Amino acid sequence: MTLAIDVKGLTKRFGRKTAVDHIDIAVPQGEVWGFLGPNGSGKTTTIRMLCGLLSADDGTGTCLGLDFRTQAEAIKLQVGYMTQKFSFWEDLSIRENLEFVARLYGLPDRRRKVDETLARLGLTDRQRQLAGHLSGGWKQRMALAACTLHDPRLLLLDEPTAGVDPKARRDFWEEIHALSEAGLTVLVSTHYMDEAERCDRIVYILGGRLVARGSVAEVIGQSGLITFEIQGADVRHLAKALQGQPGVDYAGFFGAALHVSGRDRAGLESAMAPYRGRPGLAVHETVPSLEDVFIHLQEKAP
Amino acid sequence: MNMLRRIGAILVKEFLQMRRDRLTLGMIVGVPLMQLCLFGFAINLNPHDLPAAIAIDDPGPFARSIVAALENTSYFQIIDETNSPTAARRLLQEGRVIFVVEIPENFSRDIVRGARPDLLIEADATDPAAGSYALSAFNMLAATALRDDLVGPLAARAQGPPPFNTVSHLLYNPESITQYNIIPGLLAVILTMTMVLMTCLALTRERERGTYENLLAMPASPLEIMVGKIVPNIAIGAVQSAIILLMARYVFHIPMIGSLPLLGGALAIYIVANLAVGYTFSTVAQNQLQAMQMTLFFILPAILLSGFAFPFMGMPAWARWIGEVMPATHFLRIVRGILLKGNGPAEIWPDIWPLGLFTLAAGSLALARFRRTLD
């Protein structure tokens with residue numbers, strides 16, 4: 001198994017604050033890895049270090065077999081990086097943006113390559129539109145087109161679907177999976193649980209530290225979390241009453257249902273007891289959702 | 001009442017934001033202070049102590065009195081004394097002196113004889129305003145300079161017409177046409193303005209819009225980005241120079257005595273110097289507004305202290321030192337020298353090397369501020 005990303009002890013400090021604190025990541029080639037964690041947990045910083053935009057203060061390892069600290073320039077040639085904020089030229093058309101990128105990478109047969117990429121992402125009809133006039137979903141498509149134009153071996157996507165409508169998000173992920181099937185490795189940061197569930201593996205970081213890693217089921221299993229689901233008409237008033245009771249680490253809504261989670265089964269059971277059998281309420285144990293796990297991780301953090 | 005409350009809310013927000021923007025705060029205080037100092041202390045429209053050379057071709061007794069009388073006017077500062085008018089003329093050509101006073105052969109003898117010899121002053125009139133007061137003072141010399149010497153047997157010479165004539169030659173701009181001075185100077189000022197601003201804005205814009213991160217993530221090195229962004233500005237500078245020079249030639253009829261290729265070479269150095277300054281600013285400025293402000297801070301002294309708007313020699317020493325650092329000052333002398341005086345490489349060298357040095361320093365600073373990464 002070849003590792004596309006294999007770094008150990010990745011660390012970045014800004015002044016006295018440690019933004020990324022000794023993170024180890026090993027992503028096998030061709031897999032799609034989700035990168036999760038609250039805002040400000042160090043996701044963007046990690047991605048920027050991997051593609052050579054920030055210099056790491058500590059850590060060793062390779063990206064696509066190249067030393068990520070000393071061979072950043074060579075890595076850049078084979079990596080596609082999509083920034084969190086749209087960062088193409090709004091006063092250029094889609095085509096002009098792509099042509100510029102193609103020139104920068106020195107792609108042979110530029111026109112054909114741009115045509116193909118436009119067609120692949122359904123941008124052909126809009127190629128003359130200025131990037132600044134596109135809606136969020138189309139901007140994101142254009143950005144994906146631009147950062148896959150040079151056939152990178154590794155794609156680093158920093159919250160690519162933030163603020164994009166569900167249909168566009170779905171289409172985007174179709175594209176990601178198609179690319180992955182063609183052998184591309186993808187590391188994508190996101191806040192959406194449904195997107196996390198579409199990843200082969202997820203990594204959860206918190207305060208610059210890696211706190212969970214594995215498939216969705218593994219991460220849920222590792223958490224040791226027990227979750228009860230309460231459904232019913234008056235469930236909305238229960239959250240406050242349950243929050244803070246012994247055994248209850250967290251009570252919050254999952255859709256219309258209330259999820260009550262904790263790691264102490266006895267405590268949870270006794271907290272649930274008053275509600276069991278209450279008319280109009282259904283209480284049963286359920287598999288914790290990824291969201292339950294993440295909120296739990298975030299809440300128990302100091 | 002509600003309206004006042006809402007206005008108040010906006011006021012509070014504005015002040016909070018103003019407090020955050022340190023550079024703007026600095027400008028609020030810095031710009032008036034700078035202007036006050038420059039206009040209040042540095043600028044002098046009636047300049048005294050102008051550098052002059054004196055060429056004495058007469059061993060007689062009166063030459064010394066003439067030198068003393070010149071200095072007594074407080075308008076002249078004799079910085080060189082020679083017996084060769086050619087050497088003195090060269091100082092004029094290089095712009096190191098504004099005046100050359102020539103005491104001709106047999107000056108003293110002719111005074112004694114009552115032959116009323118000529119006392120000649122040659123003035124660099126490229127900046128007609130600079131020397132006009134000094135020239136009036138010079139013309140008064142004839143009546144008073146030798147009053148203390150003309151005693152005893154010569155007392156008769158003190159009566160009647162002055163013992164010698166003053167003759168002034170205005171060189172390079174004999175008709176004292178202001179445009180001859182201003183138009184070449186504009187070349188320096190306009191170029192500095194656009195080159196610094198355009199470069200600074202071009203890079204700050206990429207940073208402000210987040211596209212700089214994208215450029216760096218792609219295989220573009222900061223050096224390549226810098227060169228790629230600066231070259232268009234060189235072209236802009238060339239177009240502007242061509243417009244100004246064509247207008248100067250065909251609309252304002254500015255004489256162009258010297259070599260235009262030489263001017264082109266100096267222009268190239270000057271443009272690069274300003275681009276380097278613009279790039280360095282862009283590495284500091286957080287946004288385009290700050291870029292504009294920093295440019296303003298650079299351009300004000302370039303206009304006021306370079307000798308463009310006001311006579312350079314009339315400024316106090318500290319202001320001249322600041323002026324000497326700025327590329328505009330040297331380029332101003334070069335362009336006036338080449339166009340009006342017909343200066344060649346040897347004469348402009350004293351201004352070329354400081355310009356080159358500045359370019360080198362600004363370029364190194366720009367390179368040192370380079371970041372291969374975002375940190």
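Residue numbers start from 1 in every chain, and the chains themselves are labelled A, B, ... in the order their sequence lines are given, proteins ahead of strands. These figures come from a predicted structure and were not determined experimentally.
Looking only at distances, no side-chain donor or acceptor of B:E213 sits under 3.5 Å from a matching main-chain atom of A:T83.
With a threshold of 4.5 angstrom between heavy atoms, A:F100 approaches chain B through side-chain atoms but not through N, CA, C or O. Within the 4.5 angstrom heavy-atom criterion, no atom of B:E224 approaches chain A.
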>> Pair A:S189, A:E159 - check side-chain hydrogen bond (donor to acceptor under 3.5 Å, both in side chains), show working.
In response: CA-CA 5 Å; A:S189 76; A:E159 293 185 27; 4.7 Å; no

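In the displayed structure, B:W318 atom CH2 is contacted under 6.0 Å by more than 12 heavy atoms of other residues, nucleotides or ligands.
A:M142 and A:L98 get closest at one heavy-atom pair: O-CD2, 4.3 Å.
Heavy-atom pairs under 4.5 Å with chain B peak, among A:F88, A:Y81, A:W89, at A:W89.
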